[in-house]
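Working notes, structure below.
Chain A is the first sequence line, chain B the second, and so forth, proteins listed ahead of strands; every chain is numbered from 1.
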Amino acid sequence: MLEIQRIRNEKQAIIDGLKKRQIDATQTLEQILVLDTEWRKNKTSLDNIAAESNLLAKEIGDLFKSGKSGEANQLKEKTAVLKTSESELKLKVEELEHQIQGLLYTLPNVPNDLVKNGRDAADNEIVFSHGQGPVFSFVAHPHWDLAKKYNLIDFELGVKVTGAGFPFYRGKGAKLQRALISFFLDEAQHAGYEEFISPHMVNEASGIGTGQLPDKEGQMYYMPADDFYMIPTAEVPLTNIFRDVLLPDPNFSIKMCGYTPCFRREAGSYGKDVRGLNRLHQFDKVEIVRIENPQNTAVALEEMMEHVKGLLIKLGLEFRILRLCGGDMGFASAMTYDFEVYSAAQEKWLEVSSVSRFDTFQSNRLKLRFKDADKRSQLAHTLNGSALALPRIVAALLENYQTGNQIIIPEVLQPYTGFDTIS
RNA sequence: GGUGGGAUGGGUGAGAGGCUGAAACCAACAGUUUGCUAAACUGUCGUACGGGUAACUGUACCGCGGGUUCGAAUCCCGCUCCCACCGCCA
């Protein structure tokens with residue numbers, strides 16, 4: 001959520017920024033400012049009336065104590081008038097707050113200066129690429145065929161037990177899954193991230209804190225009996241650790257990581273994009289999350305990207321990094337880099353990581369602040385990234401490391417899997 | 001699921017209609033003393049929002065939401081959460 005202060009001070013900059021998302025916020029912002037002026041006016045009168053009745057109440061108390069109940073009762077009549085206008089104003093102020101809040105919720109984050117104006121994925125910029133995919137001398141199979149051939153993943157069983165998008169991993173497929181999780185977590189720990197095992201369900205306040213609620217609730221699985229939501233990513237529980245937190249010192253850098261399954265309803269997805277592991281309702285992911293002083297955000301983002309790069313290089317996958325254009329970025333993000341690995345058999349790029357900075361957009365909702373050098377409260381910055389999401393990594397590993405009669409396990413994973421080939 | 005107890009500032013914890021934005025203690029911060037450390041002493045020390053260049057100032061907040069009252073941390077109603085014991089269960 002954007003800060004009202006920022007809207008008051010930099011309206012035009014926000015309008016210009018949101019244009020990169022193909023959004024014209026002029027009207028909304030002007031509406032907000034009108035309501036805000038109105039709110040401040042009413043708030044001031046409300047405060048003044050409250051001050052007056054506080055004073056009267058004190059006088060009345062003093063009069064009663066010194067036995068002048070006649071005068072006291074006279075004053076009481078005066079307070080009756082104040083009371084009615086006080087409650088009217090209070091309603092007005094609350095109503096205005098709701099209206100402003102409602103409008104603020106509709107505004108996405110303002111893109112960083114580096115973010116390009118654009119409509120969709122076609123306008124994203126490739127900022128880095130690395131590696132070279134395999135060249136096959138045989139007919140390369142897509143991962144869903146390989147998974148079946150080597151009995152690694154059973155999609156049909158998942159359909160039977162739960163539904164589409166909830167696969168079973170079995171045998172070496174399951175072991176590979178566990179190996180990747182351990183590898184990613186170990187790498188994150190070496191990079192200084194503290195590991196957490198978090199709840200897989202969160203309450204409503206947490207959903208609002210990181211921006212999934214109120215607008216995107218259709219994307220999450222909901223448990224009405226207890227009013228819980230299944231987490232769509234570890235970002236939600238990890239970042240919400242810091243909801244309503246005021247860090248006492250400006251020198252902080254909080255680095256967390258965690259493995260969780262992620263649950264996404266993916267309403268509206270269909271077609272070849274959802275084939276096999278490409279899009280699931282439940283998948284595994286190791287997430288890295290950082291809470292930073294605004295001064296360190298740029299460096300932190302850089303470090304996170306280097307971390308993810310390192311993982312992909314160690315796995316020996318061809319990949320590229322995209323800086324998303326305004327139109328393709330998530331609602332809460334100020335800047336996002338997507339990592340895509342090349343799937344040689346499907347002949348397409350698969351998104352395996354998304355690293356974003358949110359600046360104060362989440363912390364404003366979370367009320368996540370720190371005391372700066374002048375002892376003033378300031379909103380902290382939040383960042384997060386996948387490091388990494390498993391299914392498409394598995395897809396790419398199977399497809400790129402197939403030899404025709406077996407699948408090679410990359411060397412870095414072998415200590416974790418305990419085997420070096422799948423056949 | 002049953003029964004009972006609780007929720008006050010960073011922590012412990014008083015307060016039981018006006019003298020309480022809140023005692024006291026601890027922690028923290030600044031200073032004095034000190035060869036250094038420790039100790040002692042002095043002072044500062046909640047958050048949010050509004051107004052003001054600022055010093056400052058107004059309002060709100062004692063789990064949350066209502067109510068009674070001229071006046072509520074304190075009384076009444078509803079809710080949430082926490083703790084303890086019992087039952088059940090991994």
Regarding [X], tell me which of base, sugar-phosphate or nothing describes its non-hydrogen contacts under 4.0 Å with the strands shown.
{"X": "A/N54", "value": "sugar-phosphate"}
{"X": "A/S53", "value": "nothing"}
{"X": "A/R369", "value": "sugar-phosphate"}

I'd like the [atom1] distance from [M] over to [N], given in whole Å.
{"N": "B/A16", "M": "B/G66", "atom1": "P", "value": "26 Å"}
{"N": "B/U74", "M": "B/G17", "atom1": "P", "value": "11 Å"}
{"N": "B/G15", "M": "B/A23", "atom1": "P", "value": "14 Å"}
{"N": "B/A14", "M": "B/G9", "atom1": "C1'", "value": "13 Å"}
{"N": "B/A84", "M": "B/U12", "atom1": "P", "value": "15 Å"}
{"N": "B/G21", "M": "B/G71", "atom1": "P", "value": "16 Å"}
{"N": "B/G63", "M": "B/A7", "atom1": "P", "value": "8 Å"}
{"N": "B/U8", "M": "B/C82", "atom1": "P", "value": "14 Å"}

Side chains of [X] and [Y]: does their closest heavy-atom pair fall under 4.5 Å?
{"X": "A/D154", "Y": "A/R170", "result": "yes"}
{"X": "A/N109", "Y": "A/F331", "result": "no"}
{"X": "A/I409", "Y": "A/Y401", "result": "no"}

Subject >> A/K58 or A/S377, whichever maps to the more 5' nucleotide of RNA chain B >> reply: A/K58

Subject >> Nearest-nucleotide 5' precedence on RNA chain B, A/D62 against A/K83 >> reply: A/D62

Partner of [N] by Watson-Crick or G-U wobble geometry, both contacts under 3.5 Å, or none?
{"N": "B/U34", "value": "none"}
{"N": "B/U12", "value": "B/A24"}
{"N": "B/U53", "value": "none"}
{"N": "B/G63", "value": "B/C79"}
{"N": "B/G43", "value": "B/C29"}
{"N": "B/C85", "value": "B/G2"}

**OP:** Assess whether atom CZ of A/R119 is packed by more than 12 heavy atoms of other residues, nucleotides or ligands within 6.0 Å.
**Re:** no

Original post:
Less than 4.0 Å between a side-chain N and a carboxylate O, is that true for A/E306 and A/K309?
Top reply: yes

**OP:** Mark yes or no: A/K175 above the aromatic ring of A/F419, with NZ or CZ under 6.0 Å from the six-membered ring centre and no more than 45 degrees from the axis.
**Re:** no

Original post:
Parallel, tilted or perpendicular for A/F263 and A/Y221, by the 30°/60° rule?
Top reply: perpendicular

Original post:
Taking the inter-plane angle between the rings of A/F183 and A/Y416 on a 0 to 90° scale, is it parallel (under 30°), tilted (30 to 60°) or perpendicular (over 60°)?
Top reply: perpendicular

Original post:
Of all nucleotides in RNA chain B with an atom under 4.0 Å from a non-hydrogen atom of chain A, which is the first and which the last going 5' to 3'?
Top reply: B/G18 to B/G71

